[in-house]
Novice: 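If you scroll down you'll find the structure; I have some questions about it.
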Amino acid sequence: MLQTCYIETPLGHAKITGNENGIASVSILDTQKELSDSIPESLLDCVIQLKAYFNDTRKTFDLKLNPEGTTFQKKVWKQLETIPFGKSISYLDLSKQLGDAKAIRAVANANGKNPLWIIVPCHRVIGSDGSLTGYAGGLYRKQWLLNHESDYKQQMLF
């Protein structure tokens, strides 16, 4: 049985589900949910690591993952995990890494179905021309995450 908790992030409330078999999903919500008073033991490491990521003290995640998806989707998600912090690649490059440049649409579709927000860094995949293309959490969140991970952090003026 999956356990659930809700936490606050700089980008809104996030929902985390999982159990002793691993983290099944992490998603950003467009609505406010009541934040969890207590975090289930099986989700605690995920909460700690996400908070560290947002506090600039973690660049990689070390969690047991258990997302639901097709064999192809899981292959794409596994490849996403190899994209280094602060780097981005194009959908075409991702397709080539997976062995089939013609599978770009299928790869993009699997990328869009990634259930593990931030942990499996689908936000690091951009268009071949450098544009921010599709992001389930909204393009402003994708831009925020890429800026958060960039070497050069622009100072706020106001």
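All values reported here derive from a predicted model rather than from experimental measurement.
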Novice: Are Y140 and I28 connected into the same hydrophobic cluster when the rule is that any two of I, L, V, M, F, W, Y join if their side-chain heavy atoms are below 4.5 Å apart?
Specialist: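 Looking at the clustering, Y140 is in a separate group from I28.
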
Novice: Kindly give the heavy-atom pair with the smallest separation between S27 and W117, and that separation in Å.
Specialist: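 Looking at all heavy atoms of both residues, the shortest contact is CA-CB, 4.2 Å.
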
Novice: Counting C-beta onward and ignoring hydrogens, is there a side-chain heavy-atom pair between W144 and H123 closer than 4.5 Å?
Specialist: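 A side-chain contact is absent here, since even the closest heavy-atom pair is not under 4.5 Å.
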
Novice: Would Y6 and Q32 count as a side chain to side chain donor-acceptor pair (under 3.5 Å) if you check the C-alpha gap in whole Å, the side-chain angles of each, and the deciding distance to 0.1 Å?
Specialist: CA-CA 10 Å; Y6 297 91; Q32 299 271 351; over 6 Å; no

Novice: Less than 4.5 Å apart, side chain to side chain, heavy atoms only: is that true for I7 and I39?
Specialist: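 When only atoms from C-beta onward are counted, I39 and I7 do touch, with a gap below 4.5 Å.
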
Novice: Find out if a path of hydrophobic residues (ILVMFWY) with successive side-chain heavy-atom gaps under 4.5 Å connects I16 to L29.
Specialist: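 No, because I16 and L29 fall into different hydrophobic clusters, even though each may have its own neighbours under 4.5 Å.
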
Novice: Hey, what do you get for CG (L98) to NZ (K78), rounding to the nearest 0.5 Å?
Specialist: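 Going from the CG atom of L98 to the NZ atom of K78 covers 13.0 Å.
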
Novice: For a 4.5 angstrom cut-off between non-hydrogen side-chain atoms, does L80 reach L94?
Specialist: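 Touching, per the 4.5 Å side-chain cut-off.
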
Novice: How close do R124 and G86 get, counting heavy atoms only, and between which atoms?
Specialist: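 That closest heavy-atom pairing would be NE-N, 4.4 Å.
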
Novice: When you compare the side chain of Q49 with that of F61, does any pair of heavy atoms fall below 4.5 Å?
Specialist: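 With C-beta onward as the side chain, the pair touches.
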
Novice: Rounded to the nearest 0.5 Å, what separation is found between the CG atom of N19 and the CD atom of E41?
Specialist: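 Between N19 CG and E41 CD, I get 13.0 Å after rounding to 0.5 Å.
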
Novice: Are T9 and I118 close enough that some pair of their side-chain heavy atoms sits under 4.5 Å apart?
Specialist: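 Result no, sub-4.5 Å side-chain heavy-atom pair not found.
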
Novice: Do F85 and V125 land in one hydrophobic cluster if side-chain heavy atoms of ILVMFWY residues count as linked below 4.5 Å?
Specialist: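 They do share one cluster, since a chain of ILVMFWY contacts under 4.5 Å joins F85 to V125.
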
Novice: Within the structure provided, determine whether D100 and V107 are in side-chain contact (heavy-atom separation under 4.5 Å).
Specialist: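 Result no, sub-4.5 Å side-chain heavy-atom pair not found.
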
Novice: Can you confirm whether Y91 sits close enough to T133 that some side-chain heavy atom of one is under 4.5 Å from a side-chain heavy atom of the other?
Specialist: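 With C-beta onward as the side chain, the pair touches.
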
Novice: Does N114 use its side chain to pair, donor to acceptor, with the backbone of V120 at less than 3.5 Å?
Specialist: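 Yes; at least one donor-acceptor contact below 3.5 Å.
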
Novice: Quick one: do Y53 and E149 satisfy side chain to side chain contact (heavy atoms under 4.5 Å, CB included)? Show the steps, please.
Specialist: CA-CA 9 Å; Y53 168 86; E149 295 182 3; 2.7 Å; yes

Novice: Is the shortest heavy-atom distance from the side chain of L139 to the side chain of Q143 under 4.5 Å?
Specialist: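 Answer no - side chains too far apart.
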
Novice: Closest heavy-atom contact between C46 and I119?
Specialist: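 Distance-wise, the nearest heavy atoms are SG-CD1, 3.6 Å.
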
Novice: Evaluate N55 against T57 for side chain to side chain donor-acceptor pair (under 3.5 Å), listing each step before the verdict.
Specialist: CA-CA 6 Å; N55 288 327; T57 58; 5.6 Å; no

Novice: Provide the closest heavy-atom pair for G69 versus K74 in the form atom of the first, atom of the second, distance.
Specialist: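 So the two residues come closest at O-CE, 3.4 Å.
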
Novice: Quick check for you: to the nearest 0.5 Å, what is the distance between I104 atom CD1 and K96 atom NZ?
Specialist: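 With rounding to 0.5 Å, CD1 (I104) is 9.0 Å from NZ (K96).
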
Novice: Looking at CD of Q73 and NZ of K113, how far apart are the two atoms once the value is rounded to the nearest 0.5 Å?
Specialist: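 Q73 atom CD to K113 atom NZ measures 7.0 Å (nearest 0.5 Å).
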
Novice: When you group the ILVMFWY residues by side-chain heavy-atom contacts below 4.5 Å and let the links chain together, are F54 and I48 in the same group?
Specialist: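 Same cluster.
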
Novice: For H13 and K33, indicate whether the former's side chain and the latter's backbone hold a donor-acceptor pair under 3.5 Å.
Specialist: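 Side chain of H13 to backbone of K33: a pair is present.
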
Novice: Are L2 and L50 linked, directly or through intermediate hydrophobic residues, by side-chain heavy-atom contacts shorter than 4.5 Å (ILVMFWY only)?
Specialist: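 Hydrophobic grouping puts L50 apart from L2.
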
Novice: Taking all atoms of both residues into account, what is the closest heavy-atom pair of S42 and E20, and its distance?
Specialist: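 For S42 versus E20, the nearest heavy atoms are CB-N, 3.9 Å.
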
Novice: Measure the NE2-CG distance between H148 and D56 for me, rounded to the nearest 0.5 Å.
Specialist: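 With rounding to 0.5 Å, NE2 (H148) is 4.5 Å from CG (D56).
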
Novice: Could you tell me the separation between the CZ atom of R141 and the CG atom of L145, rounded to the nearest 0.5 Å?
Specialist: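 Spacing of CZ (R141) from CG (L145) equals 9.5 Å.
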
Novice: Go through L146 and K142 one step at a time and tell me if the side chain to side chain contact (heavy atoms under 4.5 Å, CB included) criterion holds.
Specialist: CA-CA 6 Å; L146 292 172; K142 183 173 188 165; 4.2 Å; yes

Novice: Which heavy-atom pair separates A110 from W77 by the least distance, and what is that distance?
Specialist: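 So the two residues come closest at O-NE1, 2.8 Å.
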
